[in-house]
Amino acid sequence: RNRRSADYRPDLRGDTHGDKFLHLGEGTRRRCNTRRQSDCGGDGACNGDNPCPLSASDSLTLLPRLGNGPKPPKIERASMSKAAIHYSFDHEHLLGIDGLHPLDLTHILDLANDYAEATRSGKRADPVLSGKTVVNLFFENSTRTMSSFEIAARRLGADVVSMPVAQSSVKKGETLIDTAMTLNAMKPDVLVVRHSASGGAKLLSRKVDCAVINAGDGTHEHPTQALLDALTIQRRIGRIEGLTVAICGDIANSRVARSNIHLLSTLGAKIRLVCPPTLLPADIQHMGVEVYTDMESGIADADIVMMLRLQTERMAGTETPSQREYFNLFGLNQDKLNRAAPRALIMHPGPMNRGVEIDSAIADDVEKSLIHIQVEMGVAARMACLEAISLGAL
Ligand code: CP
């Protein structure tokens, strides 16, 4: 049923130009050796100068691992003699980037790129979710994510119900779980959940029968934002591996930062966090990132400068001085941007506060700012996630 799950062919060229971009690190270009021939069944199909598909998957172990380690996807080695990998997205829910295997990430990015291309060329997507029902359950405000999921699901032929919390029975005292169980009784296929509590989406995934996609849970993760960010970078620069990405601002309260750290570092980017010490997360030492507490050195020579909003709704009020002083120290303006790489690109997940974390002229610079492309890619990334989660684990 998943037209994309069979015979998934990694791009063993290791380059990023062309319509597929599976980046597995330097290891993708390694040559087969005797030991690996036996791994492949010794059929001789990957000896000599032929790149070995197993080195592609094996090489993933060289990449940084975060969290508890991702569950490997289903890969059938029987088909290796054809240099093909039978891959399927083998996850019931999409709760975070942490826990996804690099092949899962590249599978979704590949699919999302196809959808981005199709949309730009005016092609209609196949209605692969026809007959399925997607419910958006948002306990926190959203402009981009909720509308983007709604459009994505409709483009794939699904029936969609969007439920902003202001119109739900939560306002009448109903608990998160009771609301979710009520919707579950209506037999949706996918529940897209945003909640202010870290772990909210995971909690629901244990209570309902359908697939759950995390659309942002507290300060924990926002996986589809990171996927759309990665897609945006891939399409603009052609690669992620080897880039220096400076994530600047309110890191401590940012689920976007956390998901991007997992995703971009897994795909080979070097991540710098740039923020006042009061806005650093407590578990920073486990993240495999560089930390800077001043913008000038933090964004020096960076290829991507990703600005984050000050999430005052999650703050105690003592983390930053006045917004004016914060802008002077950590807001992105042309002076600071001049320190970055000459062709550095600017990103922001939105909603953005002009004059607080970013100067308007920078945000609106069509040459350097990817902010509107990020929103566009959000639909493609969410189409890919909905397809993978709905059809992939079969
Ligand atoms: N980036 C993001 O999550 O935006 P919304 O809060 O508008 O969904």
Side-chain angles (χ1 to χ4, degrees), residues 140-145 194 196 198 216 218-220 222 225-226 229 232 244-261 264 271-284 287 289-375 378:
E140 268 190 345
N141 291 338
S142 168
T143 302
R144 282 145 284 268
T145 312
R194 170 170 288 189
S196 58
S198 299
T219 62
H220 175 228
H222 192 348
Q225 177 70 46
D229 289 341
T232 304
T244 297
V245 180
I247 306 178
C248 312
D250 182 2
I251 314 284
N253 294 303
S254 178
R255 53 200 179 204
V256 175
R258 201 169 287 270
S259 290
N260 264 309
I261 291 167
L264 297 175
I271 307 294
R272 296 181 188 165
L273 303 184
V274 190
C275 62
T278 48
L279 292 178
L280 266 178
D283 52 347
I284 192 74
M287 292 186 176
V289 295
E290 294 176 1
V291 176
Y292 295 81
T293 52
D294 73 287
M295 282 288 276
E296 283 74 11
S297 47
I299 67 173
D301 301 319
D303 301 295
I304 301 285
V305 181
M306 186 182 290
M307 300 306 298
L308 300 174
R309 181 174 69 89
L310 273 185
Q311 300 192 42
T312 48
E313 72 274 22
R314 302 189 209 284
M315 289 183 181
T318 53
E319 293 86 345
T320 57
S322 68
Q323 289 193 344
R324 191 166 155 187
E325 195 173 341
Y326 179 82
F327 181 72
N328 284 339
L329 292 171
F330 289 95
L332 187 64
N333 58 14
Q334 191 58 54
D335 267 1
K336 295 190 186 98
L337 187 57
N338 289 341
R339 309 270 185 137
R343 300 178 68 190
L345 297 165
I346 316 305
M347 300 179 79
H348 193 307
M352 91 186 134
N353 289 318
R354 294 167 184 264
V356 179
E357 70 266 1
I358 190 164
D359 185 63
S360 266
I362 304 277
D364 298 335
D365 182 334
V366 290
E367 297 296 319
K368 288 180 172 286
S369 171
L370 299 180
I371 294 169
H372 290 295
I373 313 281
Q374 287 173 267
V375 177

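Quick caveat, the model's predicted, so the values are computed rather than measured. The figures that follow rest on heavy atoms only: side chains count, while hydrogens, waters and symmetry mates do not.
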Side chains of V245 and I247, heavy atoms from C-beta outward: is any pair under 4.5 Å? yes
Close side-chain approach of R258 and M287, heavy atoms under 4.5 Å: yes
Residue among H348, R309, Q323 satisfying side chain to side chain donor-acceptor pair (under 3.5 Å) with E357: H348
Between R194 and T145, is there a side-chain donor-acceptor contact under 3.5 Å, judged purely by atom types and distance? yes
Could you pull out the closest heavy-atom pair between S369 and A363, with the gap in Å? OG-O, 2.9 Å
Answer whether the closest heavy-atom distance between the side chains of I261 and V289 falls below 4.5 Å. yes
State, yes or no, whether a side-chain contact exists between M306 and I346 at a heavy-atom distance under 4.5 Å. no
Student check: side-chain heavy atoms of L308 and P349 closer than 4.5 Å: yes
Roughly how far, to the nearest 0.5 Å, is the CD1 atom of I251 from the OG atom of S254? 6.5 Å
So F330 and D294, side-chain contact (heavy atoms from CB on, under 4.5 Å) or not? Walk me through it. CA-CA 7 Å; F330 289 95; D294 73 287; 5.6 Å; no
N/O donor-acceptor pair under 3.5 Å between S259 side chain and H222 backbone: yes
Salt bridge (Lys or Arg N to Asp or Glu O under 4.0 Å) for D301 and R272? Distances and angles first, verdict last. CA-CA 11 Å; D301 301 319; R272 296 181 188 165; 5.8 Å; no
First locate atom SG of C248, then atom CD1 of I358, and finally report the distance between them rounded to the nearest 0.5 Å. 10.0 Å
Results of side chain to side chain donor-acceptor pair (under 3.5 Å) for N260 - residues two or more places apart only: D229
Heavy-atom pair of closest approach, residues A246 and A302: CB-CB, 4.0 Å
Taken to the nearest 0.5 Å, the spacing of D303 CG from T244 OG1 works out to 5.0 Å
N328 side, atom CG; M295 side, atom CE - distance, nearest 0.5 Å: 12.0 Å
Report, as yes or no, whether the 6.0 Å neighbourhood of atom CD on Q334 holds more than 12 heavy atoms from other residues, nucleotides or ligands. yes
Quick one, L279 and Y326 - any side-chain contact, counting heavy atoms below 4.5 Å? yes
Short side-chain to backbone donor-acceptor contact, T219 and R255, under 3.5 Å: no
List the residues meeting salt bridge (charged side-chain N to carboxylate O under 4.0 Å, His left out) with R354, not counting sequence neighbours, and say none if there are none. D364
Has N353 got a side-chain atom pairing as donor or acceptor with V356's backbone, closer than 3.5 angstrom? no
To the nearest 0.5 Å, how far apart are CG in L273 and OH in Y292? 10.5 Å
Would you compute the distance between atom CD of Q374 and atom OG1 of T232 and round it to the nearest 0.5 angstrom? 5.5 Å
Given 3.5 Å as the limit, does a donor-acceptor pair link the side chain of K336 with the main chain of G331, or not? yes
By salt bridge (charged side-chain N to carboxylate O under 4.0 Å, His left out), R339 pairs with (sequence neighbours left out) none
pair L332-I299: side-chain heavy atoms closer than 4.5 Å: yes
Go through the steps to decide whether M347 and L370 satisfy the test side-chain contact (heavy atoms from CB on, under 4.5 Å), and finish with yes or no. CA-CA 5 Å; M347 300 179 79; L370 299 180; 4.0 Å; yes
